[in-house]
Each structure stands twice: as structure tokens, then as C-alpha cells.
Protein chains: 2
Amino acid sequence: MITISDVAAKAGVSRATVSYVLNEKNTSVKISAPTRNRVLETASELGYRRNELARAMITGKSRMLGFWVMQSNREPVVRVLAGAMKEADENDYFIKMLGFDNDTLDSRTLERCIEWRLAGIIAFHAPEESMRHLLPQIKETGIPFVMVDSQHPPTDCLNIEADHASGMTAIVEHLVAQGHRRIAFLGGRNGNEDSISGAREKAYRNAMERVGLHRECQVEYGDWRAEFSQWESGTTAAATHRLLNATPRPTAIACASDHIAMIVMRLAAERGLQVPQQLSVTGFDDVTAATLYNPPLTTVAQPFEEIGRSAVRHLISPSSQQPSQVLPAHLVVRGSTLKPPSK
Amino acid sequence: MITISDVAAKAGVSRATVSYVLNEKNTSVKISAPTRNRVLETASELGYRRNELARAMITGKSRMLGFWVMQSNREPVVRVLAGAMKEADENDYFIKMLGFDNDTLDSRTLERCIEWRLAGIIAFHAPEESMRHLLPQIKETGIPFVMVDSQHPPTDCLNIEADHASGMTAIVEHLVAQGHRRIAFLGGRNGNEDSISGAREKAYRNAMERVGLHRECQVEYGDWRAEFSQWESGTTAAATHRLLNATPRPTAIACASDHIAMIVMRLAAERGLQVPQQLSVTGFDDVTAATLYNPPLTTVAQPFEEIGRSAVRHLISPSSQQPSQVLPAHLVVRGSTLKPPSK
DNA sequence: GTGAAAGCGCTAACAC
DNA sequence: GTGTTAGCGCTTTCAC
């Protein structure tokens, strides 16, 4: 492989000169046009390729960003990633994937980030327990760090997420405007206020209270990370059945995610319950299938790509130290909601 | 940051010794247990972290694998990626994301891979045109390279994909077994035999011929990469309408992907056409929403994760030079197919 | 078994 | 403007 010395030799200049020419932007040193051109020419003649590893080693900066992600095969992951990639790309950074399994994000993951001298880390949906003992270590390393959609964002760490609260509020207001009163909420595994599902649940409760429907609140919990291949026997299905068996039955079910909403719609269909005529259902996320579903799902669109871009932006230009950034999410009304049955 | 010299100094040995201890596996040099332990101890005492950048620079190997992916926000991407990550992780490799837009995969992308001295490259759904002039350049660099689901796999390059042909054949046989004869195919943007949609189409035609239904073949093309947010006005919707307006109407539509199938089912529902009672529909991929759809979609499950793992495996241990690897895909029968209406 | 020393390819003072 | 030079942190002969 051609090195800088080869170029220097052939161009009849020193290695330093070549380096200067190649990094024009980063240095105050000016090289005369003739020399410059000669160097550039020989470089391309020889097929010279800079060695980023060597550069990174010296400068200590790797222009690589770690993207920690749970081994979840969901669409949101790839959409946030897509945004992060674009932003990274435009700034000559790379995204390096670091996966972790089983709810455990061990020190080894961080270790590898340090060993590679990463320029920053994005943690997507990082489990709380792991973060608790990992965050101090991260702080110590000095590697810029942001979380995305953290279920339990520590106060001393930037968390980027969609505006779950206003999104859920919009859902409730939409349903109420249609005439619904018995609006139930179907959440994720746990009901913690801090979790994503919890944030949406809280917004649901607040919104219900604000419109005077506090008494009508009805909440059930399914499994946020359900294995969809066997969803029929899952806790989400069980929770749905509880809701559909209730008397009086809710006229609308606000779900914590699109996938949960789809389970509800499936189960309703199996019972011969018409959505939206007899039951309104809403989701949250706006995954691809939401618009293709039968009926198309009323939901809240999350700005996934912008979340990814924003995360990268914060890492590469450590701006203001706000503790959290909340990106707008907006209601998308489709066919799964309608006025409640007149009965 | 603590370096190897610091450890050496404190442990009272030379830098070389430390290096030996730290890389025990890769070298034939043996270090005595006492020295070894002393070094290890001081290293952890000092909080030493190896500098992978430096190691990579010297050895010329980066243990980083590039994952080229179209800016497509689809679920298959993340599922293949998940598999690749796991395999990489288990072998102490990294996945580095490289995105590209607009059907163009320019030399710049490859350039960056060379500059980082990547240990291998995985190209996911790489556009044919770009590959044609990129492949020779890649060959030249000597960087191991595999393609995944290439629409036009060059003969001199390993391509990994699911068995589209047998999957589609299983679909047709399933439909025929149910009594269908007028089975249409709804494909992607173009009908090239080489494209993925084309491979499925070809299998469809072959299977139809084999069961003596050659005359019943009916093929329409939608847009493989449809923007689903506006699918109603897209070419896939138009193609679907053509199929549903045909006389006699097909009793089954085999679609080239799950998302296309969902569009068909939506449109059928809008016309009051019952799926599966009046029309059977099948997909391909088995995305998450397929099992949650209403009705649940009969489709072919692709071994996405295994595809990802396999790609990585081929890169890090350049095994036999088979031109292509085809992984089994299997039929998943759900509720969107039924015997044709008796009429 | 351990150490000395020569680099890997490049950057960044500092001279001239 | 350009060249000299000293490293960056590590691996790897080659002696001892």
C-alpha cells in the first residue's frame, strides 16, 4: 500500500509537505500552488489512500460514533439509525454498531468503546439497571454520551426522545372530540412513570383528567417487548381480553405502541368486533405497517430520523448542556378511530 | 490515558513483555506466570486500556466490517444487521455502517472503507449499476466482499440470499393445493429475472407451469420501493386495481413482498372484497406486522438473521469460494389464504 | 523467558 | 513555504 513517504519521494518533497497538502483545512501552513498540485497529482497517480487508522491514532480522535442498541429487530431502530447515519456521513463520521443482549449492557461494551477511542456514544433504549452502574464509568472516560428514548434518563445525561406526552394527549383529545368517554389505555410491561410506556400512560391519565374523564380511566399492561411470533398466548393478548370483556366495554383503546394496537385489532376482529365502528383503537410510533393495516391505524408519528440526526449532532458538536431534548411528535388520524357506537 | 509503557514501568518489565502478556494467544512467546500476573495486576490497577487504533495501524487489520446499506428504513435491514452484529460480536469484530442514497453507491464509499483499512465489506441490496463499476475496484483492494440479496449478483462475487425460488414455489403449491387456478403475481418495479422480485416471479412462472397452470399466469408490477406513506396513489395500488378489475378476477394474488400484500389487502377491503373468503393473498418476507395483520398473512419467512451471520462468517474466515449461498426460506401459512370461492 | 530497538503511517512543533 | 524531527502506542524481530 502506498504511503505518504512514497508520495513525498516521487514528488520530490518531504513527508510533512505531503501531509500539509492532504490536510489543508486543518492547518495554518500554506503550501504553494505548484507544489500542492504536484503532490496531489503524484498522490492520485500512485493511488495513494490515506490511512485513517494512523491519523486517528495520532490525533487520538477516531471520528467513530458508537451506536448501542438492544438486539431488537424493530423498525424504530433502523429508522433512528438511518437518521444517525446520514448526519454522521455528512460530517465525515462513522457509526459503529454495538449490540447487547438480554437486557444487560455490560462493562465489556463500554470497554470496547474506550479501546477504540470512540468519539461518542449513542445508547438506544438502554436498560435502566445497566445504565445505573455504567454511567459513572462513562462519565469517567469523558466520551460524549447521549441516550435515545431512555426509559429512565439519568439527570446528568442528555436524553433525546419524541414528545410522548403531547402525542398521547393529542390521541386522547382526538378520541374525546369524537365523543368517546370510556377510553382505556393498554401499556407495556410495567407501569413505571419513567418508562416510555409509562410516559404515555401518564399523559393519558393527565389528559383524561383535564377533560373531566378521570373516572373513566382504565389501564391494563401487556408486554412491551412481546415476541410477536407467539403473541396470541402473550400477556398483551391477555390484557386485551380483559379490556374487551369489561362491562361496560371501553369504546376506545389507546395503545402504547402500534404493534400492541395491531394485536388489539386482531383480537377484536376474531370476536367479530368491528374496528372502528364498535371499537376505536390507536397506536403510537407510526411504523410502516400502520398505514397499510386494515383498517389503517390512527397513531402518533415519531420523528425517528430527526432523533437519530439530533443524537449525532449533539455528540459531534457538544452544544448547550440541556438535560434532555424533546422532539415533536404528531397525531396521524386514519381509519381505526370513529365516533363511539350510539348504543 | 495509561499506555503500555506506564504498565511496563510500574511492573518493572519492558514494554515488549507487557505486549506479550496482553496478546498471549497470538504469539508463540511464553511469559512466566509470576511476571504475567504482575503485569496483569498492574495493568488493571492502573486502569490500562489497550489502544485498538494503534494495534490496528500496526497489524494493518482493523477488525471492522463495513455494512453498506441503502437508506431504506425497512425491517429486513435491521434484522439482517442484527444477525451480522451478533456474529461480529462473538468474534470480536465490529460493524461499521456505511449508508448510501439515491441508488448511487459511489467510489467515495469504497474509498472510506480503504482509508479505514476495513477487514471486510457487506453490501446489502446494492444497486446493480453502481456495483458494475465498483466491483473491479473492490477486487483490486483485496478487501473481502460479500453481497446480500443482490439483485444482480456478479459471477465473481459471493452473494448470500434466501431461497426465493423455493419459497415462491411453496406459495404456489400451497395455493394450488387449496384449489386455486387463477393465481396472479404482483411484483416489484421491474420484471428482470435477476432482481429479487424477478427471482420470485420466475419461480412463480415455473411453478405454475409445472402444475399445468401456465395459461393462468397473470403478472402486474408495482413499485418495489414504494413510499408507503402515499401508497394509495402509487403504482402498486394501480397494479392491484388492474388485477382486481380483471375478468375473470384472480382468486389468489401472490405478492413479491409482505408490504405489497398489505396494500392488496387494504384495497380489497375497500372494495368490500373479503380476504381470504373471496380472495387469497400471500406475501414474502414475514415482517413483524405479517402475523399481526388482519387477516394474518400467509407468507414466506426469510432467515434474515442467519443471512447476516453468514455474511460475517464468510468475511472473517474466507472459506470455500462458492459463488453464492442460498439459505432456506419456509412457508408460513396464516389466515390470508383459503380455498377459492365456490362460484 | 525477557529486553532492546526498530519501525507501522502519520501529524505537528519547530527550524530554516 | 518547506524540511527536519520527534513522537503517537503498539507489535515484533532479534539478541541475550
Side-chain angles (χ1 to χ4, degrees), chain A residues 1-40 42-43 46-63 92 111-112 114-119, chain B residues 1-40 42-43 46-64 92 111-112 114-119 141:
Chain A
M1 191 127 248
I2 308 297
T3 76
I4 208 175
S5 306
D6 299 326
V7 178
K10 178 132 191 235
V13 297
S14 74
R15 289 156 58 215
T17 305
V18 177
S19 176
Y20 288 138
V21 171
L22 264 28
N23 300 299
E24 235 174 331
K25 282 122 201 184
N26 318 327
T27 176
S28 54
V29 180
K30 300 266 174 261
I31 302 289
S32 69
T35 322
R36 197 174 158 284
N37 291 334
R38 190 150 34 89
V39 170
L40 254 21
T42 34
L46 256 33
Y48 166 80
R49 317 283 184 169
R50 63 161 44 148
N51 185 333
E52 288 287 356
L53 289 170
R55 302 184 75 204
M57 195 199 80
I58 295 170
T59 58
K61 295 179 184 173
S62 66
R63 297 192 87 81
D92 257 300
E111 203 93 341
R112 305 180 85 197
I114 302 173
E115 292 176 353
W116 281 99
R117 304 298 189 262
L118 294 196
Chain B
M1 191 128 249
I2 307 297
T3 77
I4 209 174
S5 307
D6 299 325
V7 178
K10 177 128 191 239
V13 298
S14 75
R15 290 156 57 215
T17 305
V18 177
S19 177
Y20 286 137
V21 171
L22 264 28
N23 300 299
E24 234 173 332
K25 282 121 200 183
N26 318 327
T27 177
S28 54
V29 180
K30 300 270 176 255
I31 301 290
S32 69
T35 321
R36 196 174 159 283
N37 290 334
R38 190 149 33 90
V39 169
L40 254 23
T42 34
L46 258 33
Y48 166 81
R49 318 283 184 169
R50 62 162 43 147
N51 185 333
E52 288 287 358
L53 289 170
R55 301 183 75 203
M57 195 200 80
I58 295 170
T59 59
K61 296 179 183 172
S62 66
R63 298 191 85 81
M64 299 192 291
D92 258 300
E111 203 93 343
R112 305 181 84 201
I114 302 173
E115 292 177 352
W116 281 99
R117 304 297 189 264
L118 294 196
T141 68

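The shown structure was predicted, so the numbers you read here are calculated from the model rather than taken from an experiment.
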For atom [atom1] of [X] and atom [atom2] of [N], their distance in whole Å:
X       : N      : atom1 : atom2 : answer
A/Leu53 : D/dT11 : CG    : P     : 14 Å
B/Arg49 : D/dG9  : CZ    : P     : 16 Å
B/Leu22 : D/dT12 : CG    : C1'   : 15 Å
B/Arg38 : C/dG3  : CZ    : C1'   : 13 Å
B/Ile4  : D/dT11 : CD1   : C1'   : 8 Å
A/Ile31 : D/dG1  : CD1   : P     : 9 Å
A/Asp6  : C/dC8  : CG    : C1'   : 13 Å
A/Arg55 : D/dC8  : CZ    : C1'   : 14 Å

**OP:** Tell whether B/Tyr20 reaches the base of D/dT13 with its side chain through a donor-acceptor pair below 3.5 angstrom.
**Re:** yes
Between [N] and [X], is there an OP1 or OP2 to side-chain N/O distance shorter than 4.0 Å?
X       : N     : answer
A/Ser32 : D/dT2 : yes
A/Asn51 : C/dC8 : no
B/Ser14 : C/dG3 : yes
A/Thr17 : D/dG3 : yes

Rounded distance (nearest 0.5 Å) linking atom [atom1] of [X] with atom [atom2] of [Y]:
X        : Y       : atom1 : atom2 : value
B/Thr141 : A/Met1  : OG1   : CE    : 7.5 Å
A/Asn37  : A/Thr42 : CG    : OG1   : 10.0 Å
B/Leu40  : B/Tyr48 : CG    : OH    : 11.5 Å

Nearest-nucleotide pick for [X], side chain only, options being [options]:
X       : options               : value
B/Ser19 : D/dT11, C/dT11, D/dG1 : D/dT11
B/Met57 : D/dG1, D/dT4, C/dG9   : C/dG9
B/Ile58 : C/dC8, C/dG9, C/dT2   : C/dC8
A/Ala16 : D/dG9, D/dG3, C/dG3   : D/dG3

Subject >> Closest-nucleotide 5' rank along DNA chain C - winner of B/Arg117 and B/Val13 >> reply: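 Counting from the 5' end, the first nearest nucleotide belongs to B/Val13.
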Original post:
Do the charged groups of A/Glu52 and A/Arg55 touch, with an N to O distance under 4.0 Å?
Top reply: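 Yes, A/Glu52 and A/Arg55 are salt-bridged.
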Original post:
Donor-acceptor pair, A/Arg63 side chain versus A/Asp92 backbone, under 3.5 Å?
Top reply: yes
**OP:** Look at all strands and tell whether A/Thr35 reaches a base, only sugar-phosphate, or nothing, counting heavy atoms closer than 4.0 Å.
**Re:** sugar-phosphate
